[in-house]
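Proteins get letters first, then strands, A, B, ... in listed order; numbering begins at 1 in each.
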Protein chains: 2
Amino acid sequence: MTDDVVRPERIHPACPTSAFPIQVGGKWTGMAILCLSDGPRRFSELRAQLTPVTPKVLTQTLRDMSRDGLVVRRDHQQNPPHVTYELTDLGRSLIDVIDAARAWSKAHLPDLLAARAAHDRA
Amino acid sequence: MTDDVVRPERIHPACPTSAFPIQVGGKWTGMAILCLSDGPRRFSELRAQLTPVTPKVLTQTLRDMSRDGLVVRRDHQQNPPHVTYELTDLGRSLIDVIDAARAWSKAHLPDLLAARAAHDRA
DNA sequence: CAGCATCCGAACCGATACTG
DNA sequence: CAGTATCGGTTCGGATGCTG
């Protein structure tokens with residue numbers, strides 16, 4: 001998750017990733033899966049990695065993922081709160097698809113961007 | 001494109017495909033690519049295969065795809081009009097990604113649906 | 001820390017009707 | 001045939017502020 005085209009740290013409107021034509025679930029679902037791919041993460045850790053995501057949207061994303069059996073939420077019953085999210089087998093099964101999408105992106109996103117730029121000039 | 005989970009002919013709200021968590025471009029882009037995968041198609045042929053899509057939305061989809069260099073539009077300059085759309089190499093390059101998504105769907109979509117149903121009961 | 005409540009603008013998608 | 005024009009509704013994502 002460090003030297004690819006699609007990295008959470010780079011997501012902002014001026015970034016080519018905005019043109020990424022492949023999406024898993026909602027806008028943030030794919031990257032949430034990647035962030036969770038090497039172990040459980042806390043809510044705030046996810047927030048930090050998916051930089052511009054607001055808590056509301058992250059909560060919604062995680063809830064939808066939980067509903068679909070992609071993650072499990074674990075409340076460690078502490079004060080202050082400590083909650084972690086972990087991929088299920090089903091959630092992990094999506095990593096291959098995401099990797100296929102990322103491979104495509106690495107190979108072809110520049111072409112798409114070039115085509116778009118050329119079109120927009122005309 | 002005949003006996004898979006995701007088939008244009010089956011797309012309607014009551015269909016499991018609505019839960020398909022992987023999307024390429026807009027709602028119809030992925031299926032448009034599949035419909036075009038074995039040769040050029042006319043506008044009306046695409047409309048017929050992507051059953052419930054309205055002309056406006058199909059036009060928009062095709063235009064976006066053209067902008068991104070995924071298809072080329074060919075106007076055969078006839079009356080009545082005869083226009084065909086054909087995948088570019090770039091468009092064709094997405095077929096692998098879509099196939100990966102379809103393979104995932106075949107293997108795991110039932111699990112997702114089951115998880116969702118179980119969650120919704122509780 | 002891990003959210004919830006509220007409001008809002010934008011995007012997307014669809015229905016319907018019309019046209020060169 | 002291959003669109004265009006107009007309108008409308010829903011969904012989505014984001015901003016802001018508050019809470020146990």
Side-chain angles (χ1 to χ4, degrees), chain A residues 8 11-15 17-32 35-36 40-68 71-86 116, chain B residues 8 11-15 17-32 35-36 40-68 71-86 116:
Chain A
I11 303 296
H12 56 84
C15 164
T17 314
S18 317
F20 193 54
I22 302 146
Q23 203 177 321
V24 176
K27 180 168 179 181
W28 302 101
T29 309
M31 285 189 308
C35 289
L36 291 169
R41 291 284 178 270
R42 304 184 58 167
F43 186 86
S44 49
E45 294 175 316
L46 291 171
R47 257 200 93 179
Q49 295 220 321
L50 277 43
T51 317
V53 77
T54 61
K56 187 200 105 174
V57 172
L58 182 56
T59 301
Q60 190 57 54
T61 302
L62 259 4
R63 265 226 270 272
D64 292 344
M65 292 172 72
S66 164
R67 174 167 107 106
D68 285 348
V71 296
V72 285
R73 192 190 107 114
R74 274 200 189 85
D75 186 337
H76 296 229
Q77 307 289 3
Q78 294 175 17
N79 203 312
H82 182 105
V83 176
T84 56
Y85 293 86
E86 186 173 6
R116 183 179 291 193
Chain B
I11 303 296
H12 56 84
C15 164
T17 314
S18 317
F20 193 54
I22 301 146
Q23 203 178 322
V24 176
K27 179 170 180 179
W28 302 100
T29 309
M31 286 187 307
C35 289
L36 291 169
R41 291 284 179 272
R42 303 183 59 165
F43 186 86
S44 48
E45 295 176 315
L46 291 171
R47 257 200 94 179
Q49 295 222 321
L50 277 41
T51 318
V53 77
T54 61
K56 187 198 105 175
V57 172
L58 182 56
T59 302
Q60 189 58 53
T61 302
L62 259 5
R63 265 226 271 271
D64 292 344
M65 291 173 72
S66 164
R67 175 165 108 105
D68 286 348
V71 296
V72 284
R73 192 191 106 114
R74 274 199 190 86
D75 186 336
H76 296 230
Q77 305 290 2
Q78 294 175 17
N79 203 311
H82 183 103
V83 177
T84 54
Y85 294 86
E86 185 173 5
R116 183 179 291 193

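- Scanning both residues, A:Arg42 and A:Pro81, for their nearest heavy atoms gives NH2-O, 3.4 Å.
- Remark: P of D:dA2 and CG of B:Leu62 are 11 Å apart, rounded to the nearest angstrom.
- The separation between B:Lys27 atom NZ and D:dT10 atom C1' is 11 Å, rounded to whole Å.
- At C:dC1, none of the side-chain N or O atoms of A:Arg42 fall inside 4.0 Å of OP1 or OP2 (strictly under the cut-off).
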(message) Between A:Arg41 and A:Tyr85, does the side-chain contact (heavy atoms from CB on, under 4.5 Å) criterion hold? Intermediate values first, please.
(response) CA-CA 5 Å; A:Arg41 291 284 178 270; A:Tyr85 293 86; 5.9 Å; no
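- The two residues B:Pro40 and B:Glu45 have their closest heavy-atom pair at O-OE1, 4.4 Å.
- The side chain of A:Arg74 contributes no N or O atom lying less than 4.0 Å from OP1 or OP2 of C:dA2.
- For A:Trp28, the listed nucleotide lying nearest its side chain is D:dG14; candidates were C:dA2, C:dG14, D:dG14.
- Here the P atom of nucleotide C:dA2 and the CD atom of A:Gln77 are 13 Å apart, to the nearest Å.
- Proximity of A:Arg63 to the phosphate of C:dC4: a side-chain N or O atom is located under 4.0 Å from OP1 or OP2.
- Between the P atom of C:dA11 and the CG atom of B:Asp64 lies a distance of 13 Å, rounded to the nearest Å.
- OP1 or OP2 of D:dA15 has not a single side-chain nitrogen or oxygen of A:Thr54 nearer than 4.0 Å.
- To the nearest angstrom, P of D:dA2 lies 8 Å from CD of B:Glu45.
- Closest contact between the side chain of A:Val57 and the listed nucleotides C:dC1, D:dG13, C:dG20 involves D:dG13.
- In terms of heavy atoms, B:Phe43 sits closest to B:Pro55 at CZ-O, 3.9 Å.
- Residue B:Thr59 places no side-chain N or O under 4.0 Å from the OP1 or OP2 atom of D:dG3.
- Atom P of nucleotide C:dA15 and atom NZ of B:Lys56 are separated by 11 Å, given to the nearest angstrom.
- Candidate nucleotides D:dA2, C:dC1, C:dC4 were compared by shortest atom distance to the side chain of A:Pro55, and C:dC4 ranks first.
- Atom OH of B:Tyr85 is separated from atom C1' of D:dA2 by 8 Å (rounded to the nearest Å).
- Going from atom CD of B:Gln60 over to atom P of C:dA15 covers 16 Å, rounded to whole Å.
- Within the 4.0 angstrom heavy-atom criterion, only backbone atoms of the sugar-phosphate kind lie near B:Val83; the bases stay farther away.
- Scanning both residues, B:Leu62 and B:Val71, for their nearest heavy atoms gives O-CG2, 3.9 Å.
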